[in-house]
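Protein chains get the first letters and strands the later ones, always in sequence-line order, with residue 1 at the start of each. The shown structure was predicted, so the numbers you read here are calculated from the model rather than taken from an experiment.
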Amino acid sequence: MTVLLVAAIVILFPACLLVGSVDIPLSEVAKILVGDQGANDIYRVIVIETRLPMALTAILAGAALSIAGLMLQTTFNNHLADPSILGISTGSSLGVAIVMLLFGGVIGTGLGSYVSVLTGAIVGAAIVMAVLLAFSTIVRNSLLLLIIGIMISYLASSAISLLNFFSTQEGVHSFVIWGLGNFSGITLDRLPVFAVLTLLPVLLSFALCKPLNALLLGTRYAENLGVNIRATRNWLITISSLLTAVVTAFCGPIGFIGLMVPHMARLMFRTSNHSVLLPATALSGSVIALLCCWISSLSPTGTIPINAITPIIAIPVIVYIIINRKNIFYFN
Amino acid sequence: MDGNQHIEKRVLRLEGLTVGYHINKHTTREVLSNLNVELRQGELICMLGANGAGKSTLLRTISGVQHPLAGSVKINGRDVNEYGRRELSQLISLVYTDNTLAGGLTVEELVGLGRQPYTGFFGRLSEDDHRIVSEAIAAVCLTHKAADYVSCLSDGERQKAMIARALAQETPIIILDEPTAFLDVASRIETMKLLHNLAFNNGKAIILSSHDISQSLMLASRLWLITGDGQLIDGVTEDLVLDGALNRLFPDRDVTFDPTIGDFFASTDSHRVVKLACHEPLLCHWLTNALNRNNIITTDDADIAVEVLGRNKFVFDGKQITGISSLLSALKQHFAD
C-alpha cells in the first residue's frame, strides 16, 4: 500500500506542474525541473514561482489536515470527528476574519499581516478546542459532543457573517476568496515557514503513538494503562488545533480531508494501530490533496476553489463507510 | 501448579473507607460508609447488589480513579492514591464493558496494549513482551483467534480478549465491572470459570461486580454484599447463604432468596396451599415450581394434599390423575370452587 501511495504522489506531483491556465509542454517542465538554462523564462516563472509551491503546499496541507482528523477521531472516540465538523476550522476562520476585517480590511503582503492572520487562526482554533474539551468532560456521549461542535461552528459562522456585514467591500471580497480554499496562496519564499509549521506538529504526533493506541480503548482503560489523560489530551488538542490553524491561515478552511483520509488509511492498511496509521494517514492525505490540487488546476479559466472539490471526492467515501459500517473491519 | 498456594498474602485492604460524591463544595453524598474489608491473593470476590447500590463507585474508588470521602484503600500497605500512575498500572488492571474503537486492532495488538505500563516511549514490544502476550491469549483460549480483528469476535470472545489484556498487564489485582453483563449463558459460565481459575491457579486477587447470582455463589471464595442501606457484608459464600444474608440485598423488593436453589425468586404469598407428599427430590422440585407458577404454595401443614406416586401419577382428592397438566387443572378447579 505504501508503494501505491508513493506511486500516486510520483504521478500526481508532476501532473500538478503540467496543468493550469497556461499550457506548458511536458518537455519544458522537465527542463525547468532539472535546471536546464535553455527553458522558456516565462514558463520557468510559472512553474517555479506558482505551480511548484502550490503542489508542495498541497502535500503538506493534506498531511496536516489528515493527521489532525485522525487525532481528533481518537481523542473524541468518534469516527466522524474532524477539524471542520467539530468547528475548529470555523473557529480558525473567525480568528482570521477578525484580523482581516476588523484590523486590516485587506490582506497585505507583508510579513506582519501574515503573522497576524496566522495568530488569529491559531487563537480561534485553540479557543474552540478548549470549549469542546470543557464540554467533553460534561457531555460523555461522543455523538452529542459532535453536535455541540457543529453548534459552535454555526456560532462562529454567524459571528463571521456579522463581521462581514459591518466590514468594507474589499475586506469582504478578500475574505470570501480566502474562504473558498486554495493551495496557491503560498509563495516560494514563504514555503519553508509553512513547511516547518506543518511538519513539526506532524512529527510531534508520531511521538503520541503509544497513548493514542491506549485511547482506542477509551479514557478509562487508557488511564488504567498508565496514560496521563489530561496531559495527553492537552497535547492532542494543541497539535491538532495548530495543524488546523496553520493550514486554515495559509489555505483557507478546507473541509472533509481530515474526515475522510483517516478512514481511507484504515481501509488501505487494514489496521487501527497508530504506529502504522499515523504515517499512512499523512501519506494518504498528501495524495488526496494533490489530487484536489490537480483537479482545481484543470480549468483553463482559472483555479477552481478547493472547497468545491473536496466534498465531491470525500462525501461518497464517507457515505460508503457509514452505509457499510457493519462490514468494515474496524467498526465494532 | 495445583491448588491454591498463595492464599496467605493480603494484597488489598479497605480501612474505614467511605465512598461517594461531592455534590458541591460543602455537601457530599455518601454511598457506602466505613468499610473495613480485605482481599488476599488467590481470592475471587463477587460483589452483589442492586443497581445503584454503589458497586461501580466502590470499584472506582478501589482502583484509585475516584478519591474516597474518608478512610483509605491500601495496596500492599500503601495508600492507592500515593502510587504513581505507572506503579498503579502495574498493580491493578481493570476490565469494563465500555464500547471501544479497538475493533480495528488484532487480538494480539489489543492484548499487547496491556504491556504499556512496561514498554518505552513508543510502546514497542520486546520479545519478552510478545511471549507474555501469547501466554495471556493462551490462558483465555483465544490462541486460534490471535491474528483476528477484535471486531470479528463474539461478545464472549471479546470479553475474554479484554481479560487477556488485563493478564498481560501482570498485576496482582484484577477488577472487573460486570464482566458477564452482555454475554449468553455459555459465555457467562466460561468467563466466570476462567476468572475462578486465574484466582485459584495463578494466585490473582480478583474483585468483580455481577448480577449473576448462581454463578457467583458457585465460584466466589467470598461475597461482598452491598445492601440497600449502604453497608457491605463480607463473608465466605456459603456462610452468607446459610445465614440468610442474601435476603438483605433487596430488602424492599418483592423477591426472596431460596437457599436450596441458590437464587432469587419472586415472593409468593398466596392463600392457596397444598401439601406435597413426594419422595423423589428432582420431581418434587419441579412440581413445586409448577405449583408456584400457578400461585399455589406447598407447605407441610396444608389441609389438602397431593400424593405423588411417580413421574406422571398423582393422587388428589381421592382421584388418580395422570400428567402434570391434568394435576394443575384439577388443583385450579379445586381452588376456584
Seminar exercise, completed: Residues A/Tyr330 and B/Ser151: closest non-hydrogen pair is N-OG, 4.4 Å
Okay, side chain of [X], backbone of [Y]: is any donor-acceptor separation there less than 3.5 Å?
{"X": "A/Lys210", "Y": "B/Thr119", "result": "yes"}
{"X": "B/Thr100", "Y": "A/Gly218", "result": "no"}
{"X": "B/Gln116", "Y": "A/Ala222", "result": "no"}
{"X": "A/Asn224", "Y": "B/Ser89", "result": "no"}

Problem set entry | side chain to side chain contact (heavy atoms under 4.5 Å, CB included) partners for A/Gln73, two or more places apart |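 Side chain to side chain contact (heavy atoms under 4.5 Å, CB included) check on A/Gln73 returns A/His79, A/Ala81, A/Leu259, A/Pro262, A/His263, A/Arg266.
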Exercise. Any idea which of B/Leu88, B/Leu153, B/Val95, B/Ile92 has the most non-hydrogen atom pairs under 4.5 angstrom with chain A?
Worked result: B/Val95
For this session: Answer with side chain, backbone, both or neither: which region of A/Asn78 has an atom nearer than 4.5 Å to a non-hydrogen atom of chain B?
Result: backbone
Problem set entry | Heavy-atom proximity to chain A below 4.5 Å, by part of B/Arg165 | side chain
With rounding to the nearest 0.5 Å, note down the distance linking [atom1] in [X] to [atom2] in [Y].
{"X": "B/Phe122", "Y": "A/Leu208", "atom1": "CZ", "atom2": "CG", "value": "9.5 Å"}
{"X": "B/Tyr118", "Y": "A/Leu225", "atom1": "OH", "atom2": "CG", "value": "10.5 Å"}
{"X": "B/Ser63", "Y": "A/Arg220", "atom1": "OG", "atom2": "CZ", "value": "9.0 Å"}

Problem set entry | From CA spacing to verdict: side chain to side chain contact (heavy atoms under 4.5 Å, CB included), A/Glu223, B/Val65 | CA-CA 8 Å; A/Glu223 201 167 19; B/Val65 178; 4.1 Å; yes
Exercise. Would you say the side chain of A/Leu217 lies within less than 4.5 Å of the side chain of B/Met162, judging by non-hydrogen atoms?
Worked result: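 Of all side-chain heavy-atom pairs linking A/Leu217 with B/Met162, at least one is under 4.5 Å.
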For this session: Verify the ring-centre separation between B/Tyr96 and A/Tyr221: is it less than 6.0 angstrom?
Result: yes
For this session: Determine which residues belonging to residues 133-143 of chain B lie within contact range of chain A, meaning some heavy atom pair is under 4.5 Å apart, and list them by number or answer 'none'.
Result: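 Residues in range: none.
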For this session: Please check if atom OH in A/Tyr154 has more than 12 non-hydrogen atoms from other residues, nucleotides or ligands closer than 6.0 Å.
Result: no
Problem set entry | Heavy atoms from other residues, nucleotides or ligands near CZ of B/Arg124 exceed 12 (cutoff 6.0 Å) |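 No - once you tally the heavy atoms of other residues, nucleotides and ligands closer than 6.0 Å, there are 12 at most.
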Exercise. Can you tell which of B/Thr106, B/Leu110, B/Leu113, B/Leu105 makes a side-chain contact (heavy atoms from CB on, under 4.5 Å) with A/Asn273?
Worked result: B/Leu105
